[in-house]
Amino acid sequence: MNFSITKIILSAVSLILLVLSFHYGDAENYLFPRIITVAIAIFAILLWFEKDNAVKINIKPLLPGLLVVIVYVFLLDILGFYVSSFLAFLSIVFIYQEKTSGNFHRMVIHKIAISLLFVAILYLLFGLLLQVRTPSGIVF
Amino acid sequence: MAFLDYFVNVFTPYHLALLFGGTLVGIILGALPGLSPTMSVALLIPFTFHMEPSSGLILLGAMYTATVAGGAISAMLVNVPGAPANIATALDGNVMAKKGFGAKALHYCFISSFIGGIIGVLILIFFTPPLAKLSLQFGPSELFWIAILGITIIGTLDSKSVTKGLLSGLFGLLLSTIGDNPMLGEQRFVFSEHLEGGIHIVVGLIGLFAIPQVLHLLENFYNNKIKVLDYGDKTSVWQSIRYNISRIKALSIGSVLGVIVGIIPGAGGQIAGLVAYDQTKKFSKNKENFGKGEPDGVIAAESANNAMVGPSLVPLLTLSVPGSPTAAVLLGGLLIHGIFPGADLFISNKEVIWIFIDSLIIAQIFMLVIGLVLSRHSGWIMKIPDQFMAVGILVLAVFGTFSIQNSLSDVLIMLILGVIMFFASKAGFSAVPLVLGIILGPIAEDNFLQGKLIAESDAGLLTYFTTGTMNIILISICVLSIAYGFYSGIKSKKG
């Protein structure tokens with residue numbers, strides 16, 4: 001990701017923020033935000049004078065993970081916390097694997113077992129011991 | 001003395017169990033290269049919700065102490081600091097480990113951390129009540145500038161670019177204004193129903209610290225090849241203790257600087273460790289050995305980053321301004337239990353606070369013992385696969401966030417903040433100033449508005465906020481640190 005993109009995004013954002021706080025809000029309510037957005041705009045301009053340094057993001061390994069995260073949040077309400085967490089854990093562990101040789105079936109069972117164990121520990125620790133409530137969907 | 005009165009309460013079986021558990025978990029989490037102490041404590045806060053305030057705080061305090069010390073383990077054996085506070089430790093610690101002196105190095109870590117930590121907590125005990133009384137004399141303008149100072153210092157010192165650091169802080173301030181206006185009760189920036197309650201501090205903490213870490217772990221999954229060094233020689237602990245205590249110069253410089261850095265709002269373990277390391281090197285007889293496995297480097301850095309812990313709570317408890325990023329997280333913990341820092345903390349919540357402070361002393365002892373024992377057997381900690389950690393943090397983050405207000409909106413906000421923060425950190429922005437902005441925003445705004453009211457009937461806005469000894473001192477420090485930040489930025493580009 002090029003640094004210039006950052007500068008552009010930031011300038012655009014600061015402009016939007018200025019408009020939001022000055023145009024859409026009334027003076028008294030938005031007083032503090034207005035001061036802040038002005039300061040942001042000043043520094044966004046200062047940013048243009050900074051040297052460029054390109055940054056690399058490894059998008060490819062990241063995408064499946066991001067997808068899991070998004071789906072996970074969606075499922076929370078539907079399937080409930082523990083089931084969704086189990087699925088999330090399982091998916092991540094399957095997607096991100098070290099290359100090891102060995103019995104395929106054994107590996108699959110191994111992963112399912114760890115995922116179950118993880119969720120079980122969560123339940124014991126938080127559900128029972130600390131009595132924390134979790135999003136309960138249709139399932140669990 | 002007040003603090004002695006409550007010592008007894010620390011020694012209940014439940015509290016001792018919490019101290020033990022918190023220290024153990026804290027050292028392990030600190031040792032894990034993928035987790036930072038700030039994040040670990042943040043993740044734990046929602047789970048203390050159902051505990052008594054004093055118990056919850058004891059747990060968080062023990063973890064805070066332990067993670068800062070535990071990070072030394074991975075700093076030494078893997079050359080990946082478990083926490084930013086251990087960056088300076090790795091400079092010599094890792095070399096010592098490579099030379100086969102890992103055991104010695106780890107001993108020095110925990111012993112120095114213990115000594116520094118005790119000194120730090122003593123400062124906390126003796127300085128907080130008088131400072132609390134002093135803070136009564138602070139008016140809205142002073143408090144406003146203190147809040148701004150906290151953000152400025154961390155924005156200018158912590159980030160590589162002053163502009164980006166301050167921008168982070170400013171965005172944090174802006175995020176804190178979402179929701180209801182504190183004085184008028186009218187809504188601001190509420191574009192969707194999810195934002196109606198504003199952004200809860202702990203939601204922000206977890207989102208901004210934990211989620212980027214998850215994504216980072218996944219992103220680098222295929223390139224991470226960690227080599228864990230051996231524990232090393234069989235030095236006896238007693239030998240190490242004797243040697244360590246004899247290094248008075250390193251210990252003193254470390255502890256004193258740790259205390260000072262701790263009290264300064266915003267500046268935390270990383271700065272403490274590095275400054276102590278630098279200064280010890282400057283005053284050392286064997287300067288050239290620093291970087292080649294000089295024990296004094298380790299001793300100075302570790303005593304500093306633990307000496308920082310106690311004092312970082314001083315401005316937090318008296319002024320609501322965190323003395324370090326992790327103290328900022330602890331503020332979240334306090335608020336979630338309904339404990340509001342400030343002058344009357346020692347009146348309205350005397351018992352809780354003193355039990356907490358006293359428990360910190362005992363926490364140092366637990367940290368020393370458990371640390372010494374655990375470091376011998378810690379190799380496995382660092383071999384935990386990254387993907388397990390990633391999804392573990394994710395699930396805990398979701399879990400914790402939801403349990404704050406039983407709201408899925410919070411979870412959504414948390415994730416969105418986290419993803420944005422991840423990309424922002426790639427562009428060079430740091431999460432810490434942002435978090436401080438979110439936390440200090442309400443304080444800054446409240447005091448600004450109050451000051452404005454007073455000023456309108458008195459001397460006028462500008463005069464009110466810029467006159468008075470304290471105001472001038474605070475403003476100067478802000479300006480100086482911004483100037484210093486720009487100056488060292490320019491210097492490093494030329495050099």
Side-chain angles (χ1 to χ4, degrees), chain A residues 1 3 5-6 9-10 17 20-21 25-26 28-33 35-37 39-40 43-44 46-47 49-51 53 55-59 61-62 64-66 68-70 72-73 76-77 81 85 88-89 91-93 95-98 114 118-119 122 125-126 130-135, chain B residues 46-51 161-164 166-167 170-171 173-174 177 181 183-184 186-189 211 214-215 217-223 385-388 390-392 394-396 398-400 402-403 406 408 411-412 415 419 422-424 426-429 441 444-445 448-449 452 489 493:
Chain A
M1 182 165 90
F3 190 29
I5 299 185
T6 317
I9 294 181
L10 218 62
L17 288 173
L20 278 176
S21 49
D26 66 82
E28 214 189 332
N29 195 16
Y30 277 79
L31 175 60
F32 199 59
I35 300 177
I36 302 174
T37 45
I40 290 182
F43 280 99
L46 276 179
L47 199 62
F49 294 103
E50 292 226 341
K51 225 169 57 157
N53 42 8
V55 181
K56 256 183 64 176
I57 304 185
N58 271 340
I59 280 285
L62 193 54
L66 266 177
V68 171
V69 172
I70 297 176
Y72 177 41
V73 177
L76 278 174
D77 218 9
F81 176 73
S85 303
F89 197 90
S91 336
I92 296 269
V93 164
I95 298 174
Y96 294 90
Q97 299 186 33
E98 287 103 7
I114 297 188
F118 177 68
V119 175
L122 275 182
L125 204 55
F126 298 117
L130 295 174
Q131 303 258 328
V132 184
R133 247 204 269 156
T134 55
Chain B
F47 301 119
T48 63
F49 194 40
H50 296 275
M51 295 182 186
S161 146
V162 174
T163 324
K164 288 182 192 168
L166 290 175
L167 274 171
L170 287 167
F171 273 107
L173 284 176
L174 198 62
T177 62
N181 180 311
M183 260 197 189
L184 302 174
E186 289 166 31
Q187 291 195 333
R188 291 188 293 203
F189 296 124
I211 300 299
V214 173
L215 296 175
L217 283 169
L218 292 178
E219 177 202 13
N220 288 319
F221 178 70
Y222 297 107
N223 344 345
D386 277 356
Q387 69 272 43
F388 286 19
V391 71
L394 175 67
V395 169
L396 282 176
V398 166
F399 205 157
F402 179 78
S403 66
N406 278 336
L408 271 178
V411 178
L412 201 61
L415 281 168
V419 173
F422 172 72
F423 288 107
K426 285 289 172 181
F429 291 91
E445 180 170 17
F448 177 72
L449 292 176
K452 180 164 160 286
K493 275 179 208 149

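Treat the numbers as computed from the prediction; the structure is a model and nothing was measured. In what follows, every heavy atom counts, from backbone to side chain, and hydrogens, waters and symmetry copies are set aside. Chain letters run A, B, ... following the sequence lines, proteins first and then strands; every chain starts at 1.
Both the backbone and the side chain of Ala444(B) come within contact range of chain A, with heavy atoms under 4.5 Å apart. With a 4.5 Å cut-off on non-hydrogen atoms, Val214(B) does not touch chain A at all. Contacts of Ile95(A) with chain B are made by backbone atoms alone, with heavy-atom separations under 4.5 Å and no side-chain atom involved. For chain B, the nearby parts of Phe43(A) are the backbone and the side chain; heavy atoms of each come within less than 4.5 Å. Using a 4.5 Å cut-off between heavy atoms, Leu415(B) touches chain A through its side chain atoms alone. Using a 4.5 Å cut-off between heavy atoms, Leu396(B) contacts chain A through its side chain alone, with no backbone atom that close. When heavy atoms are compared at a cutoff of 4.5 Å, Leu167(B) approaches chain A solely by way of its side chain, counted from C-beta outward. For chain A, the nearby part of Phe422(B) is the side chain; its heavy atoms alone come within less than 4.5 Å.
Judged by distance alone, with hydrogens and angles left aside, the side-chain atoms of Tyr72(A) form no donor-acceptor pair with the main-chain N or O of Phe89(A) at under 3.5 Å. Tyr30(A) contributes no side-chain N or O that, together with a main-chain N or O of Leu20(A), makes up a donor-acceptor pair within less than 3.5 Å.
Among residues two or more places apart in sequence or in another chain, the side chain to side chain contact (heavy atoms under 4.5 Å, CB included) test is passed with Ala44(A) by Ser14(A). Under the rule for a side-chain hydrogen bond (donor to acceptor under 3.5 Å, both in side chains), Thr177(B) has no partner lying at least two apart in sequence or in another chain.
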field: ring pair (Phe, Tyr, Trp, His ring centres under 6.0 Å) between Phe388(B) and Phe118(A), intermediate numbers included
entry: CA-CA 10 Å; Phe388(B) 286 19; Phe118(A) 177 68; 8.6 Å; no
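Within the 4.5 Å cutoff, side-chain heavy atoms of Phe448(B) are placed close to those of Ile35(A).
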